[in-house]
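Read the structure below first, then the notes.
Just so you know, these numbers use all the heavy atoms, side chains as well, and skip hydrogens, waters and symmetry mates.
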Amino acid sequence: MPRRAFALSFMLVLATLAAAPASARPKQLGNASAVLAALKSGAPVRAVFHYKDMKLTDDAGVVATAPDATGGMSHDAWEYFAAGVVGNPVGYVATSEAHLIRHPRHGYVLNYVKVSIYDDGKVKIVAQYVEPKTYEVKMNETFATVIADGKNNAGAFFFTGE
């Protein structure tokens, strides 16, 4: 009997360990209301951006071919502006971050990324390289897409979970 109890306990532990990685996987958020609900609940939200699947406009307003590059960020600091709050026709979540990097052509710059996630599912990403002493903008690009929902070919993926 003790041997059988040990076997059952061991199998229960194995089943729990096998299920743990599945429950720890990030859950994709496929629309703006899911992203906002996760943020409002205090859940961690991360984004992964596939720029090649977005429309790119450079600082001169010229539509260009987006680079085959991928980036990501956590949405730790964010604000939500309901429609009409700041003259905006559509509600949106705003979040941004800046990190000092060394770029091969521009040298040391602040890599500034601002993300707007609109209630209608559109996503706008402004990426800039900013000179850290003078704040001169060395590069300015705007990417446009929609939230990836598993069915579309969008370039902005949002996840919650550990």
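Residues Pro89 and Ala83 share a closest heavy-atom pair of O-CB, 3.5 Å. Residues Lys52 and Ala66 come closest through the heavy atom pair CA-CB, 4.0 Å. Closest heavy-atom contact between Gly30 and Asp149: O-CB, 3.5 Å. Of all heavy-atom pairs spanning Val109 and Pro132, the tightest one is CA-CD, 4.0 Å. Here the closest heavy-atom approach between residue Ala38 and residue Val45 is recorded as CB-CG2, 3.7 Å. The minimum heavy-atom distance linking Ala32 with Gly121 is given by the pair CB-N, 4.2 Å.
Apart from Val48 itself, the hydrophobic cluster it occupies contains Phe157, Phe159, where clustering links Ile, Leu, Val, Met, Phe, Trp and Tyr at side-chain heavy-atom distances under 4.5 Å.
Note: Lys114 NZ to Thr142 OG1 = 8.0 Å, rounded to the nearest 0.5 Å. Once rounded to the nearest 0.5 Å, the distance linking CD of Gln28 with CD1 of Ile147 reads 10.0 Å. Put simply, OG1 on Thr70 and NE2 on His50 are 5.0 Å apart, with the number rounded to the nearest 0.5 Å. Here Glu136 contributes atom CD and Tyr129 contributes atom OH; the two are 15.5 Å apart, rounded to the nearest 0.5 Å. For the atom pair OG (Ser116) and CZ (Phe81), the distance works out to 9.5 Å, reported to the nearest 0.5 Å. For the atom pair CD (Gln128) and CE (Met139), the distance works out to 8.0 Å, reported to the nearest 0.5 Å.
The shortest distance between side-chain heavy atoms of Val35 and Asn31 does not fall below 4.5 Å. Contact annotation: the side chain of Val126 approaches that of Asn140 to within less than 4.5 Å [non-hydrogen atoms, C-beta and beyond]. In this structure the side chain of Phe143 never reaches within 4.5 angstrom of the side chain of Val115, judged on heavy atoms. Using a 4.5 Å cut-off on side-chain heavy atoms (C-beta onward), Phe49 and Ile125 make contact. Annotation: side chain of Leu110 is in contact with side chain of Tyr135 (closest heavy-atom distance under 4.5 Å). Side-chain contact between Lys124 and Tyr118 is present, with at least one heavy-atom pair separated by less than 4.5 Å. For the pair Met73/Val113, a side-chain contact is recorded, criterion being any heavy-atom separation below 4.5 Å from C-beta on. Taking 4.5 Å as the limit, every side-chain heavy atom of Thr65 sits out of range of all side-chain heavy atoms of Leu56.
Clustering ILVMFWY residues whenever any of their side-chain heavy atoms sit less than 4.5 angstrom apart, transitively, puts Ile117 in the very cluster that holds Leu36. With hydrophobic clusters built from ILVMFWY side chains whose heavy atoms lie under 4.5 angstrom apart, Val146 does not share a cluster with Met54. A single hydrophobic cluster is not seen to contain both Ile101 and Tyr112; linkage of ILVMFWY side chains at heavy-atom distances under 4.5 Å, directly or through other members, places them apart.
A donor-acceptor contact under 3.5 angstrom links the side chains of Tyr80 and Asp119, judged on distance only.
Judged by distance alone, with hydrogens and angles left aside, the side-chain atoms of Asn88 form a donor-acceptor pair with the main-chain N or O of Ala82 at under 3.5 Å. Judged by distance alone, with hydrogens and angles left aside, the side-chain atoms of Ser74 form no donor-acceptor pair with the main-chain N or O of Asp76 at under 3.5 Å. Under a 3.5 Å cut-off, the side chain of Asn111 and the backbone N or O of Leu100 do not form any donor-acceptor pair. Remark: the backbone N or O of Arg105 is paired with a side-chain donor or acceptor of His103 at under 3.5 angstrom. Thr57 places no side-chain N or O within donor-acceptor distance of the main-chain N or O of Val63, the cut-off being under 3.5 Å. Between the side chain of Thr145 and the backbone N or O of Gly155, at least one donor-acceptor pair lies under 3.5 Å.
Less than 6.0 angstrom separates the ring centroid of Phe158 from the ring centroid of His75.
Using a 4.0 Å cut-off between charged side-chain N and carboxylate O, Glu131 and Lys133 make no salt bridge.
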